[in-house]
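Beneath this line is the structure, given in structure tokens, with notes to follow.
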Amino acid sequence: MQSTMMDGDLTITDILRRGARVYPDSRVVSCEGEGSRTGTFAQVADRAGRLAGALKRLGIQPGDRVGTLSWNHQEHLEAYFAIPCMGAVLHTLNLRLDPEQLAYVINHAEDRIVLVDASLVPMLAAIRPKLTTVERFILVGRGDASALGEGVLDYEELLTGESPDYPWPEIPEKTAAAMCYTTGTTGAPKGVVYSHRSICLHSLAEWGAFSLKEADRALVIVPMFHVNAWGIPYTAYMLGADLLMPGRFLQPEPLCRFIQAEKPTFAAGVPTIWQGVLQWIEAHPADLSSMQTIICGGSAVPRSLMERFEKDHGLRIIQAWGMTETSPIGAVAIPPRGIPAEEEMDWRSKTGRVVAGVQLRIVDDSGTEQPWDGESVGEIEVRGPWITGAYFKDPAPDKFHDGWLRTGDVGCVDNRGFIQITDRSKDVIKSGGEWISSVALETLLIAHPDVLDAAVIAVPDARWDERPLASVVLKPGSSTGPEELRAFIAGQVAKFWVPERWAVVAEIPKTSVGKYDKKVLRAMYADGKLPAVELGAAQRR
Ligand code: AMP
């Protein structure tokens, strides 16, 4: 039997039209360091129409890729709408990639035009000779773009010459709208292509999962090149919440100034950002109390970070989990109802509860599904309408399993759908046949008052196959050493988990989106470049 519902397509154009019409006065505030500039949703729609007109005049056809190498600001939001709504594909470029990788992703995606911020011109100029598909650059902001060669166009001049009333085409909902490359630490980055439908459904899911509303002011610290800033720009425009864009002012001092001036009610960023903010406000008290919800994810959120934000500053961090491949929302750690206040943090420090719309299972090494009992460990696999089913021009069959995406994350799920990730599969530590969770050890170490950062890797061991090695960054002036840290965690985990190899380092190597780069740590250890010390033998179980 057929349903009687209409077959309307879900498109970003509808988000744009409705946002501009229903919330014309909602704001987009772009930080400029000392000050900021403010636009409205109506202006964003007007200027997105002009940008689409200019891109069409420059020859952009449906399906063509247009790259953006930009910080978070209003012009980037205009591109977020103009490019997909004209039928082309927005390709947000990660400005922290190394030059080789940046050239690779631009060529692999076959970007025809790249919009580039004036401050980022040198990055593109350095790889210009390697770019095989780019025909034009459009300069956003004031600056010298001569290093890019002839024919660079000016964003504002282009917009001035166009009409705001672009005749947006009808777009089938499964049309490609945007793409991001993974920032994986192994192999070449892989392209994930989002559709109009996947972005619309993801925005609706996020609206509910984060309980956002029109009265909110959303501070988007997560970069717009990192999984579409976790989808927040589209979600906020859909429901009329103001967007606060920090631009390139991501250091704790200007960020705290921006927060105090603009009073966001909601903010999203990776743990590294919030660690930096915490350190800053401990030394330079600031009133950040407007932020009712802070979404934090992208890597495990240390419980101690959440506790210190909450106890010392009254700020509530909510952990979320996702990936480039999952658009990214997959799980959000909101405690189940009826939980006593003193147990709340136990739930919030789990990785997250699977969100509606995402199907999830865990499978063991043989591919057998494991129960949701909070104990059985396996690789997490997901599927759903905003989960990628393939990579762009890259079959990667090992990343999929009978129609499910293999996330590469290892963990367990309890009977209420809460995930606890213990490791990335490639970072797992197997010692004498038993698993040791590097994530759990890192979380404990970071809770030590003298530890600023910590990462635990597996290193080869003649007797146990593998043992954990803990690299720690200590607070300046601290006299704590590996012995004390070892004693600190000894009572909190099984004896055989406690690392005997330690390295005190100046910083933990991080990836382009701020995750621990354990591949680099492992290579440093193998090359004898990690100042590791050994404190006696491993303890048996
Ligand atoms: P990316 O595609 O760069 O966003 O990386 C996705 C990966 O980040 C996931 O597969 C996880 O390994 C990791 N990740 C994201 N959120 C969390 C979280 N809350 N806890 C632990 N790992 C996370």
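Atoms within each ligand, like the ligands themselves, are counted from 1 in listed order.
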With a cut-off of 4.0 Å, which atoms of ligand 1 are near a heavy atom of [X]?
X      : value
Ser299 : 14 (N), 15 (C), 16 (N), 17 (C), 18 (C), 19 (N), 20 (N), 21 (C), 22 (N), 23 (C)
His226 : 1 (P), 3 (O), 4 (O)
Thr351 : 18 (C), 19 (N), 20 (N)
Ala320 : 16 (N), 18 (C), 19 (N)
Lys515 : 1 (P), 3 (O), 4 (O), 5 (O), 6 (C), 7 (C), 8 (O), 13 (C)
Gln319 : 18 (C), 19 (N), 20 (N)

Looking only at distance, does [X] have an N or O less than 3.5 Å from an N or O of ligand 1?
X      : answer
Trp321 : no
Ile421 : no
Met323 : no

Is it the case that more than 12 heavy atoms not belonging to [X] sit under 6.0 Å from its [atom1] atom?
X      : atom1 : value
Asp373 : CG    : yes
Glu100 : CD    : no
Lys475 : NZ    : yes
Glu343 : CD    : yes

Would you check whether [X] reaches within less than 4.0 Å of ligand 1, judged by its heavy atoms?
X      : answer
Asp409 : yes
Thr182 : no
Gly408 : no
Gly322 : yes
Gly352 : no

>> Tell me the contacting part of Arg424 for ligand 1: side chain, backbone, both, or neither, using a 4.0 Å heavy-atom threshold, strictly below.
In response: side chain
> Between Pro328 and ligand 1, which residue portion shows a heavy-atom distance shorter than 4.0 Å: side chain, backbone, both, or neither?
Replying inline: neither
> Is Glu442 salt-bridged to Lys518, going by a charged N under 4.0 Å from an acidic O?
Replying inline: yes
>> Please determine whether a side-chain nitrogen of the Lys or Arg among Asp117 and Arg248 lies less than 4.0 Å from a carboxylate oxygen of the Asp or Glu.
In response: no
>> My understanding is that only residues two or more places apart in sequence, or in another chain, count here; which of them pass side chain to side chain donor-acceptor pair (under 3.5 Å) with Ser119?
In response: Trp71
>> As a test of understanding, state which of Leu120, Val116, Ile106, Leu115 forms a side chain to side chain contact (heavy atoms under 4.5 Å, CB included) with Leu93.
In response: Ile106
> For Thr265 and Asp216, does a side-chain donor sit closer than 3.5 Å to a side-chain acceptor?
Replying inline: yes
> So is Arg486 actually on top of Trp502's ring, under 6.0 Å and inside 45° of the axis?
Replying inline: no
